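Each remark here refers to the structure printed beneath this line.
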Amino acid sequence: MLFVRLFTNVENEQKAKDLLQEILEPIRQYILLIKKLNVKPYWKIKDQFVVECLLELDKDFGETEKSAFLNNIADTNKFFGDPDDEYIISNQYPGHIKDGICLLDVFFNYVK
């Protein structure tokens, strides 16, 4: 399972969903099921939306696909956990990040 929480700086919910789709494009072929998808305004900051998505991935999704997924989003990676299964990127970190993203939190091997 892959859990994605995306904080966006876009005009509306549809653009937030579009940004999520753009981020997921490199791994689209590995997505078996979208178990959960929520988009809502972020209550703390005006003109921001939060997208939460829980995905079931194919068993062939491995380190190469993980790298392609992450490199599509930003060139600066911060991993947490042992093994590294949480990825966080922020527009406050140095380096390039895809336009519209304020913060992205991704949990690989997500267990509810």
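In this text, all values refer to a predicted model and were calculated from it rather than measured experimentally.
The structure places CG of D58 at 9.0 Å from CD of Q29, a figure rounded to the nearest 0.5 Å. For the atom pair CZ (F107) and CZ (R5), the distance works out to 6.0 Å, reported to the nearest 0.5 Å. Here the straight-line distance linking atom CD of Q21 with atom CZ of R28 works out to 5.0 Å at 0.5 Å rounding. For the atom pair I101 CD1 and I23 CD1, the distance stands at 3.5 Å (nearest 0.5 Å). Here L103 contributes atom CG and I89 contributes atom CD1; the two are 8.5 Å apart, rounded to the nearest 0.5 Å. In this structure, the separation between CG on L19 and CD1 on I73 is 9.0 Å, given to the nearest 0.5 Å.
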Using the side chain to side chain contact (heavy atoms under 4.5 Å, CB included) rule, take L57 and I31 through it: C-alpha gap first, then chi angles, then the decisive distance, then the call. CA-CA 5 Å; L57 299 177; I31 299 172; 3.9 Å; yes

Hey, mind stepping through V50 and W43 against side chain to side chain contact (heavy atoms under 4.5 Å, CB included) and telling me if it holds? CA-CA 9 Å; V50 179; W43 65 275; over 6 Å; no

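The local environment of NZ in K98 is crowded, with over 12 non-hydrogen atoms from other residues, nucleotides or ligands closer than 6.0 Å. Shown here is D99, whose CG atom has no more than 12 heavy atoms of other residues, nucleotides or ligands within 6.0 Å.
In this structure, the side chain of T8 does not engage the main chain of G100 through any donor-acceptor pair within 3.5 Å.
Side-chain contact between E65 and P26 is absent, with no heavy atoms from C-beta onward closer than 4.5 Å. Here the side chains of F3 and D105 are not in contact, with every heavy-atom distance at 4.5 Å or above. Between L20 and V39, the closest side-chain pair of non-hydrogen atoms is not below 4.5 Å.
In terms of heavy atoms, N12 sits closest to K15 at OD1-N, 2.8 Å. Residues V106 and F69 share a closest heavy-atom pair of CG1-CE2, 4.0 Å. Across M1 and E56, no two heavy atoms sit closer than the pair SD-CA, 3.8 Å. Pairing each heavy atom of A16 with each of V51, the nearest pair is CB-CG2, 3.7 Å. Across every non-hydrogen atom of L55 and I34, the tightest pair is CD2-CG1, 3.5 Å.
By the criterion of side-chain heavy atoms lying less than 4.5 angstrom apart, applied directly or through intervening Ile, Leu, Val, Met, Phe, Trp or Tyr residues, L33 is not grouped with L24; the two fall into different hydrophobic clusters. In the hydrophobic cluster analysis, where Ile, Leu, Val, Met, Phe, Trp and Tyr join through side-chain heavy atoms closer than 4.5 angstrom, L32 is grouped apart from L2.
Ring geometry for F61 versus F108: interplanar angle under 30°, hence parallel rather than tilted (30 to 60°).
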